[in-house]
Participant: 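The structure is given below, and queries will be raised subsequently.
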Amino acid sequence: MTAHAAGSCDSEHHCITCSDEGVPMRVLRVDDARGLALCEREDGVHATVETALVDGVGPGALVLVHAAVALALLEGAA
């Protein structure tokens, strides 16, 4: 189940639920058994992100992340 469709976040990457800013992150690895992914911000910082709310997360995908939770799939895997 997808928390938000990619079109539900505005061009400034704000979450429509809480109005906080999300951070686009590139997925490097996925641990499907735990529902987690290792992701990287544009500046090279890595973080572990929960992926249970978003379908289709795989290596190379770009996800919108807030509070270490992927909220939307912005771009599918490359």
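In this text, all values refer to a predicted model and were calculated from it rather than measured experimentally.
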Participant: Taking side chain to side chain contact (heavy atoms under 4.5 Å, CB included) as the definition, give me every residue that meets it alongside L36, ordered by chain and number, with sequence neighbours left out.
Facilitator: R34, T48, E50

Participant: Which distance, rounded to the nearest 0.5 Å, do you find between the CG of D32 and the OG1 of T51?
Facilitator: 7.0 Å

Participant: Checking V65 now: which residues fulfil side chain to side chain contact (heavy atoms under 4.5 Å, CB included) with it, not counting sequence neighbours?
Facilitator: M25, V49, V63

Participant: Keeping R26 on the side-chain end and G60 on the backbone end, is there a donor-acceptor pair under 3.5 Å?
Facilitator: yes

Participant: Ignoring hydrogens, what is the shortest heavy-atom contact between L74 and P24? Give both atom names and the distance.
Facilitator: CD1-CB, 4.1 Å

Participant: Taking the side chain as every heavy atom from C-beta outward, state whether L28 and C39 have any atom pair closer than 4.5 Å.
Facilitator: no

Participant: Treating Ile, Leu, Val, Met, Phe, Trp and Tyr as nodes and any side-chain heavy-atom pair under 4.5 angstrom as an edge, say whether V27 and V23 lie in one connected cluster.
Facilitator: yes

Participant: Could you go through the side-chain contact (heavy atoms from CB on, under 4.5 Å) check for V45 and E40 one step at a time?
Facilitator: CA-CA 6 Å; V45 173; E40 181 177 50; over 6 Å; no

Participant: Which heavy atom in H66 sits nearest to a heavy atom in E21, and how many Å separate them?
Facilitator: ND1-O, 3.8 Å

